[in-house]
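Take a look at the structure below.
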Amino acid sequence: MPVAASAIYFLNLRGDVLINRLYRDDVGGNMVDAFRTHIMQTKELGTCPVRQIGGCSFFYMRISNVYIVIVVSSNANVACAFKFVVEAVALFKSYFGGAFDEDAIRNNFVLIYELLDEIMDFGYPQNLSPEILKLYITQEGVRSPFSSKPTDRPVPNATLQVTGAVGWRREGLVYKKNEVFLDIVESVNLLMSSKGSVLRCDVTGKILMKCFLSGMPDLKLGLNDKIGLEKESQLKSRPTKSGKTIELDDVTFHQCVNLTRFNSEKTVSFVPPDGEFELMKYRITEGVNLPFRVLPTIKELGRTRMEVNVKIKSVFGAKMFALGVVIKIPVPKQTAKTSFQVTSGRAKYNASIDCLVWKIRKFPGQTEPTMSAEVELISTMAEKKSWTRPPIQMEFQVPMFTASGLRVRFLKVWEKSGYNTVEWVRYITKAGSYEISLMSRANGNPPFLAKVELDEFRFLQS
C-alpha cells in the first residue's frame, strides 16, 4: 500500500511554518522552502493541488487562513492523503470548538502534536474518529470565544471502541421498541430507440438503513445475488434453488460491514451505526427489468403542422402502480398552438422547455394510456434548420419494484440480551436518465451509438 505522507506542514498565508511533523526520513526538513519558493511565491496555488518539485510530490489544501501541505518522495496514495487532511481538520475542529485557523493552531501547539502522533504512524493514517480519540486524549483545546462548546454525549463501557473495532457506534443505547428499516432504492438509466430497441441500460442502486436497536447488535443481510447464493449452496452442500439471481457490479460498502466475513461467506454482516446510514451501493448492467415501454410516433405535416402520438406500456405487475409519472416530449421552438387528447392524466405545452408535458399522478401496472397531440408551428421566412429531435424524457417512481430484481432473502438481528425486533423492508425504483430517442434509423444514429449492436428487447413478458 503506498504511503499517504512523509511529512506534514501547517503554513500561514505568508508561508511561515506554524507546525510540522516528519513521519519518514526520506524527505528533508527544509522541503517546505521548495514549496514556498516554487508555488506560493509564483502565485500558482489555485492551479493544481498536486505538484512535483525535484524528486518530491506536494499535496496541499487551504483551510481558512492555513495551508496544509503533505510531502512525499515515493509513490503515494493521493486520495488517501487528501482524505486524511479532511478528517484531520474535522478532528481538530472537534477539539477547538469548531474553529480551525492560524490562531487556533498557535493556541494548541501541544495538543496538535499529540494528535499528529496518534492519527498517523510512519506515513500511514490511523484512527481519526473524534469520539474514540477523546476517550484517551482528554486534554481540551483552547476554544475560540466565538464558538459554542458542543455537548459531548457520555460513552459508557467504551473498551470496545478504544480498540477501534466499532468506532461508529457507542455502547449503552436503549430503545423501548427495537426496529430496523431497510430501503432498496434504484435509479434506471436508459436510452431506447423509437422502435423499442435498448441502446444503453443500467441500474444504480443503494441500500439505505435506519436502525433503532438497543445494545451492540450483529446484523446479517442476505440478498438474491448470484455470488452469495452460490456460496451458500456450497456451504450447505446442496444445489441452489431455482429463481432469479443478480450479478452485482461495482459494490461499495459502509465501513461497518465485516469484509473478512463477506469474502469468506459472501453475506453482509455488520454492527450498524445508530440511526440512518447508507449500507452499500451497487450497479447492474444485465437482466434489467424496465418498468415502462414507450412507443412514440411523430409526423411532420408540411412546415406548419405536426402530429404526436405516444403510447406508454407499464410492464410491472397489475397490482403495482407508479407515482408522479412525467413524460416530456420535445417539440420545435416555433410551436404556436397545441391541442391534446389523453386517456389518462393531463397534458400541456411548456414553452420554457419546448416540450409537451404529460403528467399521470397514479399509473397502474399492465396498462397502456395514450396521448395524441396536434402541434401548429409558426412559419418563418428565415432559412429553416432541421429539427434535431431531442429524446423523450421520463420521470417516475415505482414503489415495491426493483428494476434489477434484487430482493432481501433475510435480515437477521442478534443481540446478547435476545430482544425481539421488527424489520421493515421497502423497494423503490426511480427514473435516472430515462430517455427514448426520436431519431429513426434512416436519420442515422447518434455518433456515440454508431458501433452499438441493437438487440431487440422483449417487454411483453408475464
Side-chain angles (χ1 to χ4, degrees), residues 1-11 18-24 49-50 58-64 66-72 76-101 104-105 107-144 147 149-155 158-171 252-260 270-275 277-279:
M1 174 182 172
V3 300
S6 295
I8 184 169
Y9 294 88
F10 295 81
L11 312 178
L18 302 176
I19 194 171
N20 71 291
R21 180 70 169 85
L22 298 179
Y23 293 105
R24 302 167 71 95
V50 179
F58 293 81
F59 315 140
Y60 57 92
M61 180 183 297
R62 178 176 173 177
I63 307 294
S64 184
V66 176
Y67 284 106
I68 303 177
V69 183
I70 287 179
V71 185
V72 292
N77 190 331
V78 181
C80 180
F82 282 116
K83 180 65 174 177
F84 170 79
V85 171
V86 173
E87 295 293 335
V89 170
L91 173 65
F92 295 149
K93 287 183 177 180
S94 69
Y95 273 94
F96 305 158
F100 180 80
D101 51 22
I105 293 176
N107 293 332
N108 295 276
F109 273 124
V110 177
L111 177 58
I112 293 177
Y113 271 119
E114 189 174 0
L115 290 173
L116 289 177
D117 288 337
E118 292 291 341
I119 62 180
M120 182 168 284
D121 182 25
F122 199 60
Y124 298 98
Q126 305 300 309
N127 199 332
L128 288 98
S129 173
E131 292 78 10
I132 296 178
L133 289 171
K134 286 182 179 180
L135 296 174
Y136 52 92
I137 300 181
T138 57
Q139 177 183 348
E140 291 190 4
V142 178
R143 299 176 181 272
S144 169
S147 63
K149 182 176 180 179
T151 57
D152 297 332
R153 293 181 297 179
V155 185
T159 305
L160 185 61
Q161 296 191 19
V162 174
T163 64
V166 188
W168 51 88
R169 182 182 181 89
R170 64 186 181 93
E171 286 191 338
T252 58
F253 292 108
H254 188 273
Q255 64 171 340
C256 67
V257 176
N258 189 328
L259 297 180
T260 302
F270 56 100
V271 176
D274 186 42
F277 66 100
E278 183 180 280
L279 179 65

Exercise. Using the six-membered ring wherever Trp is involved, compare the ring planes of F96 and F92 and label them parallel, tilted or perpendicular (cut-offs 30° and 60°).
Key: parallel
In short, P273 meets H254 closest at the heavy-atom pair CG-CE1, 3.6 Å
> Can you find a pair of side-chain heavy atoms, one from S6 and one from V71, that are under 4.5 Å apart?
Replying inline: no
Rounded to the nearest 0.5 angstrom, the CG-CD distance for D121 and Q126 is 5.0 Å
Residues at least two apart in sequence or cross-chain that pass ring pair (Phe, Tyr, Trp, His ring centres under 6.0 Å) with F253, listed by chain then number, are F262
* Asked: Does R62 reach the main-chain N or O of S64 with its side chain, forming a donor-acceptor pair under 3.5 Å?
  -> yes
Side chains of C256 and V271: does their closest heavy-atom pair fall under 4.5 Å? no
Heavy-atom closest pair (V66 atom, D101 atom, distance to 0.1 Å) is CG2-C, 3.6 Å
So do the side chains of F270 and F277 get within less than 4.5 Å of each other, counting heavy atoms only?
yes
Minimal heavy-atom distance between A7 and L22, with the atoms involved, is CB-CD2, 3.3 Å
Considering only heavy atoms from C-beta outward, does the side chain of K134 approach that of Y95 to under 4.5 Å?
yes
*asked:* With heavy-atom distances below 4.5 Å as the criterion, would you say the side chains of N20 and V69 are in contact?
replied: no
Counting C-beta onward and ignoring hydrogens, is there a side-chain heavy-atom pair between I63 and F10 closer than 4.5 Å?
no
Here the gap from F84 atom CZ to I68 atom CD1, rounded to the nearest 0.5 Å, amounts to 9.0 Å
Between the CG atom in N108 and the CD atom in E114, the distance rounded to the nearest 0.5 Å is 11.5 Å
Shortest non-hydrogen pair, P130 vs L91, comes out as CA-CD1, 3.7 Å
Residues passing the ring pair (Phe, Tyr, Trp, His ring centres under 6.0 Å) test with Y23, sequence neighbours excluded, are none
Here the gap from R24 atom CZ to M120 atom CE, rounded to the nearest 0.5 Å, amounts to 10.5 Å
Heavy-atom nearest pair, G123 first then P125, reads O-CD, 3.9 Å
Separation between CG (L133) and CD (E118), nearest 0.5 Å, reads 7.0 Å
dist I112:CD1 -> N107:CG (nearest 0.5 Å) comes out at 9.0 Å
Return the orientation label for the Y67 and Y60 ring planes: parallel under 30°, perpendicular over 60°, tilted otherwise.
perpendicular
>> I'd like to know if the side chain of R21 and the backbone of I8 have a donor-acceptor N/O pair within less than 3.5 Å.
In response: no
Note: A5 and I70 closest approach over all heavy atoms is CB-CG2, 3.5 Å
